[in-house]
Amino acid sequence: LHAPSAFPLALVAVEISTNVVEFSSVLMSSLIQKCCFAVPRYPQKASNEAEFKIKLGYISVDGAIKESDSAFFERMCGLISFYAAIIQTNSLSGIFDNVYIALSLFLGKPNVLGLSLGWTWLATILNLPPRTITSYLIVSFLEQASFAFNQRFGVNFEKLIQFLSEKYLPLIPSSSI
């Protein structure tokens, strides 16, 4: 999953979840199963590096890691981009069901997984100690969601970005920059 495909796939996912309410729970469960950072959380350290990488979600076969760090980071960032696209996408279902067609083009049906869920994700990850992948995840998330966040949260989003740049970025390991 790559960032350019995040919004088209998110629209399909939101359309399905608008019509099949249980789908959003299944989607989020699958996303969390594939990407522990969607919670966000860091798994407990394991007895060896291979076990820890498996806990993180690296692709493995018979206990052997089959994915490079860069491929893993790219896959996790793609999933976080997809998540960021989902939380801000409204359904287009019902657009032609009423006389307010022009208004519906802007609104559609509300998304069950809205921006508030994304705000919680961002606040939670900023309260975790940063690791090498953290900067990549935050950038991927904000590339997709920053415009919607700024529109919805305004000054509070600006304060969060200020905190990110002044307080959080200096804590990120230099190896991830």
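Remark: F147 CZ is loosely packed, at most 12 non-hydrogen atoms of other residues, nucleotides or ligands lying under 6.0 Å away. For K53, the NZ atom is densely surrounded, since the number of other residues' heavy atoms within 6.0 Å is greater than 12.
For the side-chain contact (heavy atoms from CB on, under 4.5 Å) with Y83, the qualifying choice from L117, I32, L137 is L117, the only one to do so.
Taking every heavy atom of both residues into account, I125 and Y168 meet most closely at O-OH, 3.2 Å. Between P40 and L128, the shortest heavy-atom contact is O-CD1, 3.9 Å. Here the shortest heavy-atom pairing between S146 and F157 reads O-CE2, 3.6 Å. Shortest non-hydrogen contact noted between A6 and S81 is CB-O, 3.6 Å. When all heavy atoms of F149 and L122 are compared, the closest pair comes out as CE2-CD2, 4.0 Å.
From I133, atom CD1 reaches atom CG of L56 across 7.5 Å, with rounding to the nearest 0.5 Å. Between L27 atom CG and E22 atom CD the span is 13.0 Å, to the nearest 0.5 Å. Taking OH of Y136 as the reference point, atom CD of E74 lies at 11.5 Å (rounded to 0.5 Å). Here F73 contributes atom CZ and S68 contributes atom OG; the two are 9.5 Å apart, rounded to the nearest 0.5 Å. To the nearest 0.5 Å, the span separating OG on S30 from CZ on F23 amounts to 8.0 Å. If you take OG on S5 and CZ on F82, they are separated by 8.5 Å, rounding to the nearest 0.5 Å.
For the pair R131 and Y42, the cation-pi criterion (under 6.0 Å, within 45° of the ring axis) is fulfilled.
L171 is not listed as a side-chain neighbour of K167, based on a closest heavy-atom distance of 4.5 Å or more. A heavy-atom distance below 4.5 Å is not found between the side chains of F52 and Y58. Using a 4.5 Å heavy-atom cutoff, the side chains of E158 and I161 are not in contact. Contact check for L164 versus L142: side-chain heavy atoms found under the 4.5 Å cut-off. Inter-residue side-chain proximity for I80 and W121 is flagged as met; some heavy-atom pair is nearer than 4.5 Å. A 4.5 Å side-chain heavy-atom check between R41 and T124 finds every atom pair outside the cut-off. In this structure the side chain of L126 reaches within 4.5 angstrom of the side chain of I138, judged on heavy atoms. Side-chain contact check for N156 versus L160: every heavy-atom pair is 4.5 Å or farther apart.
The main-chain N or O of P130 is never found under 3.5 Å from a side-chain atom of T134 such that the two would form a donor-acceptor pair. Although no hydrogens or angles enter the test, the distance criterion places a donor-acceptor pair under 3.5 Å between the side chain of S165 and the main chain of Q162. Formation of a donor-acceptor pair under 3.5 Å by the Q144 side chain with backbone atoms of S140 is not found in this model. Between the side chain of N127 and the main chain of A123, a donor-acceptor pair closer than 3.5 Å is present. Using a distance-only test at 3.5 Å, with no hydrogens or angles considered, no donor-acceptor pair links the side chain of S60 to the main chain of G63.
In this structure, V12 is a member of the same hydrophobic cluster as I86, with clusters built from ILVMFWY side-chain heavy atoms closer than 4.5 Å. Connection of L115 to V39 is not established within any shared hydrophobic cluster, with ILVMFWY side chains joined at heavy-atom distances below 4.5 Å, either directly or through further cluster members. Clustering ILVMFWY residues whenever any of their side-chain heavy atoms sit less than 4.5 angstrom apart, transitively, puts L169 in the very cluster that holds F163. Hydrophobic clustering of Ile, Leu, Val, Met, Phe, Trp and Tyr side chains at less than 4.5 Å, counting indirect connections, unites L79 with L9.
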CA sep, side-chain torsions, deciding dist, call: E67, R75, salt bridge (Lys or Arg N to Asp or Glu O under 4.0 Å): CA-CA 10 Å; E67 184 173 40; R75 189 166 53 86; 2.7 Å; yes
Derivation and outcome, side chain to side chain contact (heavy atoms under 4.5 Å, CB included), residues F153 and K159: CA-CA 10 Å; F153 301 111; K159 288 179 184 177; over 6 Å; no
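Taking the six-membered ring where tryptophan is involved, the planes of F72 and F37 are perpendicular, since the angle between them exceeds 60° and thus also 30°.
With respect to the salt-bridge test (charged N to carboxylate O, under 4.0 angstrom), the residues E51 and K55 do not qualify.
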